[in-house]
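Take a look at the structure set out below.
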Amino acid sequence: DAEITQSPRHKITETGRQVTLACHQTWNHNNMFWYRQDLGHGLRLIHYSYGVQDTNKGEVSDGYSVSRSNTEDLPLTLESAASSQTSVYFCASRDGSYNSPLHFGNGTRLTVT
Amino acid sequence: QKEVEQNSGPLSVPEGAIASLNCTYSDRGSQSFFWYRQYSGKSPELIMFIYSNGDKEDGRFTAQLNKASQYVSLLIRDSQPSDSATYLCAVTGNTDKLIFGTGTRLQVFP
């Protein structure tokens, strides 16, 4: 069965360190998304990609970057981790149709100390 | 005004009752509407989607869409304790990105 795999599931890091969260999907979807989820804010879009070499900023992109070198992977990098980036991060994908639902990974819980 | 608004709850209903969850959205150009369920510590999972005005039924779930009033609702019939979760409303606006509400927590008590 197709799936989205995120790693690691849990990560603790220190302020100022660079951190990369992995996302790998076997749906063969062109569209991939990164969200963060915080109490009171719901799911907020960080970055998204519509295909290889395409990346776009979402509503909360400051301090984050992504790259898309193949269809399957969209790693999320925190350039210099801050305590405000402590959150649960979800990767999602869908096919190219605007009315297609998102398929989510299991999430990564990141703590920045 | 938030783009997608939901009452955070908790909404408490007895087992066997109908749970009614509501969502309003601000973008009149929105085209696609989704309901996701999220158990504590888990990822969101799709329950239903609706594109046209009116009702759409799937088992115990009914989604209702009223574009003129800009609201979408989810009815859960014969609510079970296993339905206790947070329900997220998501809307595709005039871009094709999905915008989520903050979710409504549902508690079904025996």
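Residue numbering restarts at 1 for every chain, and letters A, B, ... go by the order of the sequence lines. Keep in mind it's a predicted model, so treat the numbers as computed, not measured.
When all heavy atoms are compared, the tightest approach of B:Lys97 to A:Arg94 is N-NH2, 4.3 Å. The two residues B:Thr102 and A:Gly40 come nearest to each other via the heavy atoms CG2-O, 3.7 Å. Considering every non-hydrogen atom in both A:Phe104 and B:Ser43, the closest pair reads CB-CB, 4.1 Å. A:Phe90 approaches B:Lys42 most closely through the heavy-atom pair CZ-O, 3.8 Å.
Note on A:Ile4 and A:Tyr89: separate hydrophobic clusters, where clusters join Ile, Leu, Val, Met, Phe, Trp and Tyr whose side-chain heavy atoms are under 4.5 Å apart, directly or indirectly. Residues B:Ile50 and B:Leu74 are members of one and the same hydrophobic cluster, defined by side-chain heavy-atom contacts under 4.5 angstrom among Ile, Leu, Val, Met, Phe, Trp and Tyr. Hydrophobic clustering (ILVMFWY, side-chain heavy atoms < 4.5 Å, transitive): A:Tyr64 and A:Leu43 are in distinct clusters. Hydrophobic cluster membership is shared by A:Tyr48 and A:Val88, with clusters built from Ile, Leu, Val, Met, Phe, Trp and Tyr side chains linked at under 4.5 angstrom. By the criterion of side-chain heavy atoms lying less than 4.5 angstrom apart, applied directly or through intervening Ile, Leu, Val, Met, Phe, Trp or Tyr residues, B:Val13 is not grouped with B:Leu75; the two fall into different hydrophobic clusters.
Contacts between A:Leu102 and chain B at a heavy-atom distance below 4.5 Å involve backbone atoms as well as side-chain atoms. With a 4.5 Å cut-off on non-hydrogen atoms, B:Gln38 touches chain A through its side chain but not through its backbone. Neither the backbone nor the side chain of A:Glu59 comes within contact range of chain B; no heavy atoms are under 4.5 Å apart.
Counting heavy-atom pairs closer than 4.5 Å to chain A, the top residue among B:Tyr51, B:Phe33, B:Phe49 is B:Tyr51.
A:Tyr35 contributes no side-chain N or O that, together with a main-chain N or O of B:Phe100, makes up a donor-acceptor pair within less than 3.5 Å.
Using a 4.5 Å cut-off on side-chain heavy atoms (C-beta onward), B:Tyr36 and A:Pro101 make contact.
Within a 6.0 Å sphere centred on CZ of A:Arg44, other residues, nucleotides and ligands contribute more than 12 heavy atoms. Within a 6.0 Å sphere centred on CZ of A:Arg17, heavy atoms belonging to other residues, nucleotides or ligands number 12 at most.
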